[in-house]
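A quick write-up on the structure given underneath.
Below, chains carry the letters A, B, ... as their sequence lines are ordered, and counting in each starts from 1. The analysis underlying the following values was restricted to heavy atoms, covering all of them including side chains, and did not include hydrogens, waters or symmetry mates.
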Number of protein chains: 2
Amino acid sequence: MAAWTAYLTASHLLERRVEEQLKADAGLTHAQYEILARLSAAPGRRLRMTELARTVVVSKSGLTYQIGQLEKRGLVERATCPSDDRGVLAVLTEQGMRCLERTAPGHVAVVRELLIDLLSPDELETMARVMRKVEAATHSSARALP
Amino acid sequence: MAAWTAYLTASHLLERRVEEQLKADAGLTHAQYEILARLSAAPGRRLRMTELARTVVVSKSGLTYQIGQLEKRGLVERATCPSDDRGVLAVLTEQGMRCLERTAPGHVAVVRELLIDLLSPDELETMARVMRKVEAATHSSARALP
DNA sequence: CCGAAGTGGTTCAAATTTGAACAATGGCCA
DNA sequence: TGGCCATTGTTCAAATTTGAACCACTTCGG
């Protein structure tokens, strides 16, 4: 269980530093940054709300709120989904893309400093493998519930 | 950077499952559970507020609030610190200890299911080592700021 | 084609979290 | 001793998060 405690402490501290840097550097929450980043990587720079909520892992209502904030700042727009009238697409705007490009270097630097660069290639590879396992495990245990 | 993304997704999902289980099983937040757990491990089952805020990694005001909640439920008491009149000690009550003992098995089961049991001894050891490195790194970079 | 059952998003109130401002001490040094 | 600065915890308003209740729409099964 020592590993679990270490994990908790480290992940909290890491999250805190990342949050701090993003807020100071670009006035963004980590959640908001993640939204922009995921959108930028998606085809057409757009994703369904639900899809986004799943990957960023926030409640649906939380995402509605955050998208609202990002929309106010002109970094994201909403568009109706052509294939499903209920659906809403979050679309990264040109301005949002520029914001992300401006912010990414500093963010990446922090992540490297506090995580990536501390690890040997082996360790990094192990981390990634472990995290994929955890993701798979949470998914399967989740499907058992409903 | 793929490792970072995998880490983010996995840790969010993991946190969510843990939170879910604790809430359903004992009506506790993960943060609250951590508070009880850290207290139970401390000498005299008591810790200074600041110390607690550091290890649980929540803002000071957040801790004040949470301790308030736990106090209402009789799981924790406040005591003044003998060596420093400003200080406040959070003390785990007998009832709090029982609550923790009742809750721990389910919590541990989830953590094992979603993390520990997925890993080989080697992987587990690597994880723990990595997390200690991360903790050290965040500490040193923090001290540089003020 | 019709209605039941599901989905996808939003809204709303309530709970939580945060950061800044404060009040009360402690500690250090001239 | 007295003065100045750092620390401790709390309070307060504002921002965020969540879950439940709700519409609007889609999908099935008859």
Only counting residues at least two apart or in another chain, list the ones meeting salt bridge (Lys or Arg N to Asp or Glu O under 4.0 Å) with B/E125.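 So B/E125 forms a salt bridge (Lys or Arg N to Asp or Glu O under 4.0 Å) with B/R129.
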Stepwise side-chain contact (heavy atoms from CB on, under 4.5 Å) test for A/W4 and B/H107: CA-CA 12 Å; A/W4 172 242; B/H107 173 68; 3.7 Å; yes
Would you mind checking if [Y] and [X] are paired as a salt bridge, meaning a charged N to carboxylate O distance below 4.0 Å?
{"X": "B/R17", "Y": "B/E20", "result": "yes"}
{"X": "A/E123", "Y": "B/K133", "result": "yes"}
{"X": "A/E101", "Y": "A/R98", "result": "no"}

Here's a test of your reading of the structure: between B/R54 and A/S83, which maps to the more 5' nucleotide of DNA chain D?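 Residue closer to the 5' terminus by nearest nucleotide: B/R54.
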Sub-4.0 Å heavy-atom contacts from residues 24-52 of chain A onto DNA chain C, ordered by number: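 Residues of residues 24-52 of chain A under 4.0 Å from DNA chain C: A/R48, A/M49, A/T50.
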Below 4.0 angstrom, which residues in residues 59-68 of chain B have at least one non-hydrogen atom near DNA chain C?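 Within this stretch, B/S59, B/S61, B/G62, B/Y65, B/Q66 sit under 4.0 Å of the strand.
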Taking B/T29 for its side chain and B/Q32 for its backbone only, find out whether a donor-acceptor pair lies under 3.5 Å.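 No, B/T29 side chain to B/Q32 backbone: no donor-acceptor pair under 3.5 Å.
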Please check if the side chain of B/E19 supplies one atom and the backbone of B/H30 the other of a donor-acceptor pair under 3.5 Å.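 Pair found, side chain donor or acceptor close to backbone of B/H30.
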Rounded to the nearest angstrom, tell me the gap between atom CZ in B/R78 and atom C1' in D/dT11.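 It works out to 12 Å between those atoms.
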I need the minimum non-hydrogen distance between B/A10 and A/E135, along with the two atoms involved.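 Scanning both residues completely, I find the closest heavy atoms to be CB-N, 4.3 Å.
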Is there a side-chain contact (heavy atoms from CB on, under 4.5 Å) between A/L63 and A/I35 once you walk through the steps? CA-CA 9 Å; A/L63 183 62; A/I35 290 173; 3.7 Å; yes
Divergence of helical axes at both termini of the helix from C/dC1-D/dG30 to C/dA30-D/dT1 - five pairs an end, 10° steps: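 The helix from C/dC1-D/dG30 to C/dA30-D/dT1 shows an end-to-end axis angle of 30°.
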When you group the ILVMFWY residues by side-chain heavy-atom contacts below 4.5 Å and let the links chain together, are B/L115 and B/L124 in the same group?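 Same cluster: B/L124 reaches B/L115 through Ile, Leu, Val, Met, Phe, Trp or Tyr contacts under 4.5 Å.
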Please determine whether side-chain contact (heavy atoms from CB on, under 4.5 Å) holds for the pair A/V56 and B/H12, giving the CA-CA distance in whole Å, both sets of side-chain angles, and the decisive distance to 0.1 Å. CA-CA 8 Å; A/V56 175; B/H12 286 168; 5.5 Å; no
Can you give me every donor-acceptor pair (side chain of residues 74-92 of chain A, partner residue at least two apart or in another chain, under 3.5 Å) with its distance?
from, atom 1, to, atom 2, distance (Å)
A/R78, NE, A/E71, OE1, 3.1
A/D84, OD1, A/R86, N, 3.0
A/D84, OD1, A/R86, NE, 3.2
A/D84, OD2, A/R86, NE, 3.4
A/D84, OD2, A/R86, NH2, 2.8

Nucleotide interval of DNA chain C bounded by contacts with chain A (heavy-atom cut-off, under 4.0 Å):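 First and last nucleotides in contact are C/dG6 to C/dT18.
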Could you say whether A/D84 or B/K23 is positioned toward the 5' end of DNA chain C, judged by the nucleotide with the nearest heavy atom to each?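 Of the two residues, A/D84 wins.
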Please determine whether side-chain contact (heavy atoms from CB on, under 4.5 Å) holds for the pair B/V134 and A/L13, giving the CA-CA distance in whole Å, both sets of side-chain angles, and the decisive distance to 0.1 Å. CA-CA 8 Å; B/V134 170; A/L13 288 167; over 6 Å; no
